[in-house]
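Read the structure below first, then the notes.
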Amino acid sequence: MEIDTRTYVPQILAYAAIDDCGNVINPKIVAGQVHGATAHGIGAAMMEAYIYDKEANLLTSTFTDYTPITVMNMPDLAYGDIETPSPFSYNGAKGMGEGGGAPLHTICAAIQDALFDQGVVVHNTFNPPSDIYRLLKNPNRSGFVKVERRAA
């Protein structure tokens, strides 16, 4: 993860997704499900948000304001799978394609790593450039982390 210091736009430099759905019945479907779930998670973590004003009016009601992830802003994805059969199904298959939540935490942690030396603690899973800007302008680590030193 890299943060542009002029625009505060986070950029994913590399992303890998690994899935274990047990015995794979159709490898192309599995790869497509993992890619799609990962794309939705990345979109949710960095760009897609319903934003409301004080009167509960939706401010992101069009695609001009609400930016969905597309192939144009999706990073390259390294994909792999692990095949460990389930003992609970007749053919060893498990559920898959639900990994869309993983990018929320992965990207949050990567942004935290990128901003560590700036005195920032990332506490949301949605981190658009405007939020990163606010975090960098108002470092908040002292509000979250207390360091105590005790005499030996």
Side-chain angles (χ1 to χ4, degrees), residues 1-22 24-84 94-150:
M1 182 67 69
E2 186 174 82
I3 311 288
D4 185 311
T5 56
R6 289 179 294 126
T7 64
Y8 304 97
V9 173
Q11 180 184 6
I12 298 172
L13 301 177
Y15 197 98
I18 308 295
D19 195 67
D20 178 5
C21 67
V24 175
I25 296 168
N26 187 325
K28 287 189 184 263
I29 295 291
V30 170
Q33 287 280 34
V34 172
H35 278 75
T38 302
H40 281 292
I42 290 171
M46 297 175 62
M47 54 187 39
E48 300 172 2
Y50 293 115
I51 300 172
Y52 297 89
D53 66 12
K54 292 177 186 175
E55 289 80 36
N57 295 307
L58 182 62
L59 299 177
T60 53
S61 59
T62 69
F63 286 135
T64 301
D65 306 310
Y66 177 91
T67 309
I69 195 161
T70 67
V71 71
M72 298 304 292
N73 48 20
M74 176 70 183
D76 288 336
L77 181 64
Y79 167 71
D81 64 86
I82 301 168
E83 224 174 299
T84 55
K94 301 176 187 174
M96 50 77 54
E98 288 83 25
L104 293 169
H105 309 294
T106 303
I107 291 170
C108 181
I111 290 173
Q112 178 65 66
D113 288 346
L115 301 178
F116 178 77
D117 62 343
Q118 304 293 319
V120 168
V121 172
V122 176
H123 52 88
N124 287 328
T125 54
F126 177 63
N127 292 287
S130 58
D131 287 7
I132 293 171
Y133 171 81
R134 280 192 285 280
L135 284 171
L136 286 170
K137 294 301 177 191
N138 301 304
N140 60 356
R141 187 180 306 152
S142 62
F144 287 95
V145 178
K146 303 285 186 219
V147 177
E148 291 182 17
R149 298 189 190 267
R150 299 179 187 194

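- Partners of Ile69 by side-chain contact (heavy atoms from CB on, under 4.5 Å), not counting sequence neighbours, listed by chain and number: Ala39, Ile42, Met47, Glu48, Asn73, Met74.
- Sorted by first and then second residue, the salt bridge (Lys or Arg N to Asp or Glu O under 4.0 Å) pairs involving residues 107-131 (not counting sequence neighbours) are Asp131-Arg134.
- Sorted by first and then second residue, the salt bridge (Lys or Arg N to Asp or Glu O under 4.0 Å) pairs with a member in residues 64-83 form an empty list; sequence neighbours excluded.
- To the nearest 0.5 Å, atoms CG (Asn124) and CG (Leu104) are separated by 11.0 Å.
- For the pair Asn140 (side chain) and Val121 (backbone), a donor-acceptor distance under 3.5 Å is present.
- Under the rule for a side chain to side chain donor-acceptor pair (under 3.5 Å), Thr5 has no partner lying at least two apart in sequence or in another chain.
- The ring pair (Phe, Tyr, Trp, His ring centres under 6.0 Å) test applied to His123 returns Phe144, not counting sequence neighbours.
- With sequence neighbours excluded, the residues that form a side-chain contact (heavy atoms from CB on, under 4.5 Å) with Ala49 are Ile51, Phe126.
- Counting heavy atoms from C-beta outward, Val30 and Asn26 have side chains that stay 4.5 Å or more apart.
- Of the inter-residue distances, the one linking His105 atom NE2 with Gln112 atom CD reads 14.5 Å to the nearest 0.5 angstrom.
- Residues satisfying the ring pair (Phe, Tyr, Trp, His ring centres under 6.0 Å) criterion with Tyr50, sequence neighbours excluded, are Tyr66.
- Every side chain to side chain donor-acceptor pair (under 3.5 Å) that Asp53 has, sequence neighbours left out, goes to Asn57.
- Remark: Tyr133 pairs with Tyr8 by the ring pair (Phe, Tyr, Trp, His ring centres under 6.0 Å) rule, at least two apart or across chains.
- The side chain to side chain donor-acceptor pair (under 3.5 Å) test applied to Thr84 returns Asp20, Lys94, not counting sequence neighbours.
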